[in-house]
Amino acid sequence: MKLKIWCICSFLASIIPSVSFAQKDEIPKSISESVGGTLKWTEDQFYSVAEAMPEAKYSFVPTSGNFEGVRSFAEQVKHVACANYAFFNEIEGKTPPEACERGGPSPAKTKAELLKYLRESFDYGNGMVSKIDAKNALDRAEGRYAGPNTKLGLAVVAVWHITDHYGQIVMYLRMNNVVPPSTQQYGLKVR
């Protein structure tokens, strides 16, 4: 019996590296996996910066340079959350929230509230992207947030929008002497 268990364990130990290697080399098998994987990666990057900024600095607005009228860090986070709802509402055929350029209708203000709002907006977006397939990817979607467009086109614009603001909030983070989480793993020469 012990020999049998040892053989099974040895077999599993020999195939686990090849299984994980095969998974690493796999590519998305559908439209939703392709866009969804990029959305998830972008979500992780943006959310990690939103978490990394100290709550006391959420009101930070750059002042050195030409930054008149720009959003505070908190307003950037709130804008992205609202815009996520806007883009993905349009994909779903719903009316998007009003005034996302000013943060939209959410009452979220504190870091915890904004992170919750942001997380929920990403969860909603991931759900909408999972419904995009070869049959509906090129269906027309209407709305003032990147519409008219296709469902796939709106999903791509949503990802682009997140990355655009990611670049902005990374600068805010650095202006406050915080190294972005995605680069903390590298040596000082790369940071």
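We number each residue from 1, following the sequence as shown.
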(request) Could you check if a side-chain atom of Y47 sits within less than 4.5 angstrom of a side-chain atom of L115, using non-hydrogen atoms only? (result) yes
(message) Can you pull out every ring-ring contact (aromatic ring centres under 6.0 Å, His included) where at least one residue sits in residues 122-160? Sequence neighbours excluded, please.
(response) Y85-Y124
(request) Compare every heavy atom of E113 with every heavy atom of K109, then report the nearest pair and how far apart it is. (result) N-OE1, 2.8 Å
(message) Count I, L, V, M, F, W, Y as connected when their side-chain heavy atoms are under 4.5 Å apart, and connections chain through other members. Are V70 and F73 then in the same cluster?
(response) yes
(message) Which heavy atom of M53 sits nearest to which heavy atom of K111, and what is that distance?
(response) O-NZ, 2.8 Å
(request) Would you check if I162 and F87 make a side-chain contact, meaning some heavy-atom pair closer than 4.5 Å? (result) no
(request) Among N84, N126, T38, find the one that has a side-chain hydrogen bond (donor to acceptor under 3.5 Å, both in side chains) with E43. (result) N126
(message) Under a 3.5 Å distance rule, please check whether S121 uses its side chain to pair with a backbone N or O of L118 as donor and acceptor.
(response) yes
(request) Kindly work out whether a path of hydrophobic side-chain contacts (I/L/V/M/F/W/Y, heavy atoms less than 4.5 Å apart) joins M171 to F67. (result) no
(request) Any disulfide bond (SG atoms under 2.5 Å apart) involving residues 47-158? Give me the pairs, sequence neighbours left out, ordered by first then second residue. (result) C82-C100
(message) Ignoring hydrogens, what is the shortest heavy-atom contact between R140 and P148? Give both atom names and the distance.
(response) NH2-CB, 3.3 Å
(request) Heavy atoms only: give me the nearest L39-F88 pair and the separation to one decimal. (result) CD2-CZ, 4.0 Å
(request) Kindly work out whether a path of hydrophobic side-chain contacts (I/L/V/M/F/W/Y, heavy atoms less than 4.5 Å apart) joins V179 to L173. (result) no
(message) A side-chain contact here means heavy atoms from C-beta on lying under 4.5 Å apart; do I132 and V35 qualify?
(response) no
(request) Give every residue pair that meets the disulfide bond (SG atoms under 2.5 Å apart) criterion with at least one member in residues 121-174, sequence neighbours excluded. (result) none
(message) For the CZ atom of R102 and the NZ atom of K78, what is their distance to the nearest 0.5 Å?
(response) 11.5 Å
(request) Take R174 and V170 through the test side-chain contact (heavy atoms from CB on, under 4.5 Å) and record every step on the way to the result. (result) CA-CA 6 Å; R174 287 188 179 276; V170 161; 4.1 Å; yes
(message) A side-chain contact here means heavy atoms from C-beta on lying under 4.5 Å apart; do V49 and P181 qualify?
(response) yes
(message) I'd like to know if E51 pairs up with R119 as an ion pair, taking the criterion as any Lys NZ or Arg NE/NH1/NH2 lying under 4.0 Å from an Asp or Glu carboxylate oxygen.
(response) no
(request) Give the cluster check for V61 versus Y166: same hydrophobic cluster or not, with ILVMFWY residues linked at side-chain heavy-atom distances below 4.5 Å. (result) yes
(request) May I have the step-by-step check of side-chain contact (heavy atoms from CB on, under 4.5 Å) for H79 and H161, ending in yes or no? (result) CA-CA 10 Å; H79 167 70; H161 182 260; 2.9 Å; yes
